[in-house]
Amino acid sequence: MDESHDQKIAAEVRAELGRKELSCAALARMTDIPEPTLRRRLKGSAPFRIAELETVAEALDVPVMQFLDGAA
């Protein structure tokens, strides 16, 4: 089964977290996104909202398009 677009975006965010050596909990603190919500987003079981993805990109100091381009 092919990954959905939402799952690919989640995988891109997880990859960047790995590169930055950050945990979900750390990202939750940096973004003020509740950790349970962020975990669902990172699993790909619930899509990132655009505002959340922008906040995550800003916190990780990457362009938001990095997540979207990588999921294309």
Side-chain angles (χ1 to χ4, degrees):
M1 182 169 111
D2 288 340
E3 281 185 306
S4 75
H5 189 67
D6 294 332
Q7 290 169 328
K8 289 177 182 177
I9 290 172
E12 290 297 323
V13 176
R14 287 193 311 269
E16 189 60 32
L17 279 177
R19 286 189 284 274
K20 303 274 196 219
E21 299 182 354
L22 292 170
S23 67
C24 178
L27 184 59
R29 285 189 302 275
M30 293 167 68
T31 60
D32 289 328
I33 298 172
E35 190 174 346
T37 299
L38 194 54
R39 287 194 184 283
R40 283 191 301 277
R41 307 290 194 252
L42 290 171
K43 285 181 189 174
S45 58
F48 275 96
R49 294 186 172 140
I50 295 298
E52 291 170 337
L53 204 53
E54 290 171 341
T55 300
V56 167
E58 185 176 323
L60 297 177
D61 196 31
V62 297
V64 74
M65 288 307 296
Q66 176 176 319
F67 302 137
L68 301 174
D69 288 344

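All heavy atoms count here, side chains included; hydrogens, waters and symmetry mates do not.
- Counting heavy atoms from C-beta outward, Thr55 and Phe48 have side chains that stay 4.5 Å or more apart.
- What you find for Glu52 and Pro47 is that their closest heavy atoms are OE1-O, 4.3 Å.
- Contact between Ala57 and Pro63 at its shortest, heavy atoms only, is CB-C, 4.1 Å.
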Task: Test side chain to side chain contact (heavy atoms under 4.5 Å, CB included) applied to Val56 and Ile33, step by step - done: CA-CA 9 Å; Val56 167; Ile33 298 172; 4.0 Å; yes
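- For the pair Ala59 and Met30, the tightest heavy-atom approach, listed with the atom from each and the gap, is O-CE, 3.1 Å.
- Hydrophobic clustering keeps Ile50 apart from Met65 (ILVMFWY residues linked when any side-chain heavy atoms are closer than 4.5 Å, directly or through intermediates).
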TODO: Kindly determine whether Glu16 and Lys20 satisfy salt bridge (charged side-chain N to carboxylate O under 4.0 Å, His left out), including the steps that lead there.
DONE: CA-CA 6 Å; Glu16 189 60 32; Lys20 303 274 196 219; 3.2 Å; yes
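- Here the side chain of Glu21 pairs no donor or acceptor atom with the backbone of Gly18 at under 3.5 angstrom.
- In this structure, the side chains of Leu17 and Leu22 come closer than 4.5 Å at one or more pairs of heavy atoms.
- Here Lys43 contributes atom NZ and Arg40 contributes atom CZ; the two are 9.0 Å apart, rounded to the nearest 0.5 Å.
- Note that CG of Leu53 and CD of Glu12 are 10.5 Å apart. Values are rounded to the nearest 0.5 Å.
- Ile9 and Phe67 get closest at one heavy-atom pair: CG1-O, 4.0 Å.
- Contact between Ala10 and Arg41 at its shortest, heavy atoms only, is CB-O, 3.2 Å.
- Within 6.0 Å of atom CD in Glu58, 12 or fewer heavy atoms from other residues, nucleotides or ligands are found, so the atom counts as exposed in its surroundings.
- Rounding to the nearest 0.5 Å gives a distance of 10.0 Å between CG of Asp61 and CD of Gln66.
- The distance from the SG atom of Cys24 to the CZ atom of Arg14 is 11.0 Å, given to the nearest 0.5 Å.
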